[in-house]
There are 4 protein chains.
Amino acid sequence: MKKTEEKREKSKKILVETALSLFSENGYEATSIRQIASEAGVSLGLMYNYFSSKEELLLEIFRLGYKDIQHSFAKSGKPEGTSALKQHILQTVQLLKEKKHFWRLLHSLRFQRNIMAPVALEVQEQINYVEAQLKDNLMEAGVHAPDLEAKLLFASIDGMAMHYLLNENYPLDEVANQLIQKYTTH
Amino acid sequence: MKKTEEKREKSKKILVETALSLFSENGYEATSIRQIASEAGVSLGLMYNYFSSKEELLLEIFRLGYKDIQHSFAKSGKPEGTSALKQHILQTVQLLKEKKHFWRLLHSLRFQRNIMAPVALEVQEQINYVEAQLKDNLMEAGVHAPDLEAKLLFASIDGMAMHYLLNENYPLDEVANQLIQKYTTH
Amino acid sequence: MKKTEEKREKSKKILVETALSLFSENGYEATSIRQIASEAGVSLGLMYNYFSSKEELLLEIFRLGYKDIQHSFAKSGKPEGTSALKQHILQTVQLLKEKKHFWRLLHSLRFQRNIMAPVALEVQEQINYVEAQLKDNLMEAGVHAPDLEAKLLFASIDGMAMHYLLNENYPLDEVANQLIQKYTTH
Amino acid sequence: MKKTEEKREKSKKILVETALSLFSENGYEATSIRQIASEAGVSLGLMYNYFSSKEELLLEIFRLGYKDIQHSFAKSGKPEGTSALKQHILQTVQLLKEKKHFWRLLHSLRFQRNIMAPVALEVQEQINYVEAQLKDNLMEAGVHAPDLEAKLLFASIDGMAMHYLLNENYPLDEVANQLIQKYTTH
DNA sequence: AATGAATGAGACTTCATTCAT
DNA sequence: TATGAATGAAGTCTCATTCAT
């Protein structure tokens, strides 16, 4: 029957969303299963019907988040009037706003090697991919030392993202525009 | 007696250093007091003679680390032949290399609000100070929109630092130079 | 309707058999209801339509197993050419081989008072009955101190059974023959 | 200082003894750490200062118990006036009475493969050793088929032990004597 | 009759902290 | 000052059991 399936999906979804929110706000280690269950309005043990452990729940959140982001980037399509670089930055800004919880979680765990280990590979691939994209875009724009420039640009974007995620009132759009101008005017 | 005082300081110092190292490598939450004591070669309870709690030990590490950094920046003096901006970036690079443990700890806890709360004010002050410095330097260099530019430059520096701290083989010097050139050539 | 009745019995039977197998292999406590249901190919909750609890299922297994054994002993009839003792031992050997799962479960729980409590009486009766039988048989054979001898013989048989159940390659037939000879030759 | 060492040993000892008693009475799985601590009059967590897990505590109990038994057998020395067989059986009877808790625990776990796994080797060695001893003794006594006879005798002794451990009023001495007579008179 | 999502008590274990020595 | 045995709250996870469908 469908009913059961729907119920399952609904419970799973509310658990993932609640967990993402709490992990993001208070940290992964500082958030207890009891807290998640309570906030989600379900019983303590329900999580274990869907995830084999707290860590597995985290990994699922990662997987879903990454899929989401890649989907967004893919969907955004090729730049038309605007340069690829501008498009990339704007898209990043958009995603930062839309998935703030996810990004915050990602940043908060970035330095926890023990936790990141299971997804380290995917993360690294993602990083390499972004850097390669940036490099291509920079080469198209005829920049010298595109390798180093890509690293620098990536750092700028990442740093901006970090500051936005840490600061409630960060003028993300303005800083992003400033960055875009740096790379599009001569 | 002097002897006692010295012993006290020595014990305290070894605890702070060991804790910084372990917190940085394995994470604050993942490091137990027992581990610190064991690694430091002292008894389990000794820490509580000097710090009222694990958190207080962390805060002391923060305070000492910040003092250290401010000291370094102050000592480096005014720029002479080189621009203030260049000097700031180079000094940052230098400190990143020298105090890697401390920076890594800082970055790994940056998003843990519950932990950062007690030092949030000092951290914010430090951030404001750096941003103000950068702004001054940019104004001197006659840059438009120095406010936004300062935010962007800070993000670039911070992003670069983050990538360096995350990546064993990051070409920090090269990226830093690239950044310096961006802000010193016309 | 008959159909329903049949279905009921079938489900019950498969649950009992699966549970016996798993309890015997992995232990009563270490076997979960979920495991039994999964192995039996039925839903998690089905068991509770037939048994009020996990313990009740165990008791049913005991009851059925004992009934089975008594049936076998009854059916085997009186000894003809051979002595009653020989017959008893051979019958026991036969049953040990046929109902290995049941015997193993019985032995594995024999010392768990809390679990055995509900069937303690039946078990004790069974033991008394066997001992009485053995005593009768020994008296017929004209043995001195038949009471003690019955206890000793029972211990020998039980010990042999235990060793057989514990050891994949136990030479049950040979040891049983040795035992038979001890009590049939002069 | 000695004081600390003594305290350690004392705590460890009371934990081992309490655990042995409870495991033996109620079963290993059915006994919780909380129960042990409570019965021992110590805090819940103390056990983990001495044993890394509940299972490790069990293994320590095994090791100590086995050592104890081997010690006893070794100490009992060679038989003088009496036959080796008689001596062996009497010594076993003695140990059964003295270490009832330990034997009961051993018997109650004998069929739990998952739990016995870590000590399976030692147990098997012990079994082999006993069987070899019995065989030697039987050969000395000029018995036919000493291999099978050893197995049978071992089964008898083990079965007797089991019945004694299960039954508060088992006439162990009498049954043992009966067994001795079986193997010492012609 | 059958299903399986949901519940929550309770198990094992960790670890910051206390305190007698 | 230094030690480390002892404490117990709190965490993760399991699992028998319930009940709406």
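Letters A, B, ... are given to chains in the order of the sequence lines, protein chains preceding strands, and every chain is numbered from 1.
Note on S11(A): a side-chain N or O is less than 4.0 Å away from OP1 or OP2 of dA6(E). The phosphate of dA2(F) (OP1 or OP2) has a side-chain N or O of Y50(B) nearer than 4.0 angstrom. Between dT13(E) and Y48(D), a contact under 4.0 Å exists linking OP1 or OP2 to a side-chain N or O.
Counting to the nearest Å, the P atom of dA5(F) and the CG atom of L15(D) are 13 Å from each other. A straight line from CE of M47(A) to C1' of dC13(F) spans 8 Å, rounded to a whole angstrom. Note: NZ (K7(A)) to C1' (dT7(E)) measures 12 Å, nearest angstrom. F51(B) has its CZ atom 15 Å from the P atom of dT18(E), to the nearest Å. One atom, CZ of R8(A), and another, P of dT21(F), lie 18 Å apart when rounded to the nearest Å. A straight line from CG of L58(B) to P of dA16(E) spans 13 Å, rounded to a whole angstrom. Atom-to-atom, NZ of K12(D) to C1' of dG4(F) comes out at 15 Å; the value is rounded to the nearest Å. Remark: C1' of dA5(E) and NZ of K13(A) are 19 Å apart, rounded to the nearest angstrom.
Atom NZ of residue K54(A) and atom CD of residue E29(A) lie 6.5 Å apart, to the nearest 0.5 angstrom. Taking CG of L106(A) as the start and NE2 of H101(A) as the end, the distance is 14.5 Å to the nearest 0.5 Å.
Here dT14(F) sits opposite dA9(E) as a Watson-Crick or G-U wobble pair (both hydrogen-bonding atom distances under 3.5 Å). Pairing partner, dA1(E): none, since no Watson-Crick or wobble contact has both distances short of 3.5 Å. Across all strands shown, dA20(E) pairs with dT3(F); the Watson-Crick or G-U wobble distances both stay below 3.5 Å.
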Close N/O contacts between protein and nucleotides 8-11 of chain F (under 3.5 Å):
residue: dG8(F); atom: N7; partner: G45(D); partner atom: N; Å: 3.4

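Residue-environment remark: NZ (K100(A)) exceeds the threshold of 12 foreign heavy atoms within 6.0 Å.
Nucleotides of DNA chain E nearest to S52(D) and S53(B) differ in position, and the one nearer the 5' end is that of S52(D).
Under the 4.0 Å criterion applied to side-chain N and carboxylate O atoms, R63(A) and E56(A) are assigned as salt-bridge partners.
Within the structure, the ring pair (Phe, Tyr, Trp, His ring centres under 6.0 Å) test picks out no pair touching residues 43-63 of chain B (sequence neighbours left out).
Side-chain contact between H107(C) and R104(C) is absent, with no heavy atoms from C-beta onward closer than 4.5 Å.
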Step-by-step side chain to side chain contact (heavy atoms under 4.5 Å, CB included) determination, L58(D) to V119(D): CA-CA 10 Å; L58(D) 178 65; V119(D) 285; over 6 Å; no
